[in-house]
Asks: 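Quick one: structure below, then a few questions.
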Amino acid sequence: MTWLVDLLTVMLLVVGCFFVFLGSFALVKLTRFFHRIHGPTKASTLGVGCILAASISYHAVHGSGLHPRELLVAVFLFLTAPVAAHLMSRAALSLMDKRPEDPSDPTGPEGHIRDDADERAEKHARERLQPRDGR
């Protein structure tokens, strides 16, 4: 039974390390601030969460039992990382000279994004309704 817990621990560590690496890579490689803040916040939080889950499972089986320190670190991580990213994004928006447009505003007068798709759908409907030659 312990080999199953060991396998789960190893898988959690591998997944956690992958997501921590992905978050670090996103921080280094992405160009704009708002892109750079997204990678570490999401990926690293998931990665550190998997590593903490692996630590909890290891100490529950092989160590001295469950300790509240891993649970407290996980709770504080999942509470503070999104809030900190949100506050940094709001601060960056307030420091910008020209703010980006509101994405909730419709792009056209009727809110259509692609008029050519509507035109193709109307053309296809007209073709279905017209009688074909030879019938």
Asks: Do any side-chain atoms of residues 19-41 form donor-acceptor pairs under 3.5 angstrom with protein atoms, and if so which ones, sequence neighbours left out?
Replies:
{"from": "Ser24", "atom 1": "OG", "to": "Val20", "atom 2": "O", "distance (Å)": "2.9"}
{"from": "Arg36", "atom 1": "NE", "to": "Leu27", "atom 2": "O", "distance (Å)": "2.9"}
{"from": "Arg36", "atom 1": "NH2", "to": "Leu27", "atom 2": "O", "distance (Å)": "3.1"}
{"from": "Thr41", "atom 1": "OG1", "to": "Ile37", "atom 2": "O", "distance (Å)": "2.6"}

Asks: Step by step, work out the side chain to side chain contact (heavy atoms under 4.5 Å, CB included) result for Glu70 and Val73.
Replies: CA-CA 5 Å; Glu70 285 100 357; Val73 169; 5.7 Å; no
Asks: Which of these passes side chain to side chain contact (heavy atoms under 4.5 Å, CB included) with Val61: Ile56, Thr9, Val5?
Replies: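 The residue from Ile56, Thr9, Val5 that satisfies side chain to side chain contact (heavy atoms under 4.5 Å, CB included) with Val61 turns out to be Val5.
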Asks: Under a 4.5 Å side-chain heavy-atom rule over Ile, Leu, Val, Met, Phe, Trp and Tyr, are Tyr58 and Leu4 clustered together?
Replies: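 As far as the 4.5 Å side-chain criterion goes, Leu4 and Tyr58 are not connected within one cluster.
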Asks: Is there a side-chain contact between Leu13 and Ile51, using heavy atoms and a 4.5 Å cut-off?
Replies: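 Side chain of Leu13 against side chain of Ile51, heavy atoms only: contact under 4.5 Å found.
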Asks: Just how far is it from atom CG of Leu46 to atom CZ of Phe78, taken to the nearest 0.5 Å?
Replies: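 Answer for the CG-CZ pair, Leu46 versus Phe78, is 7.0 Å.
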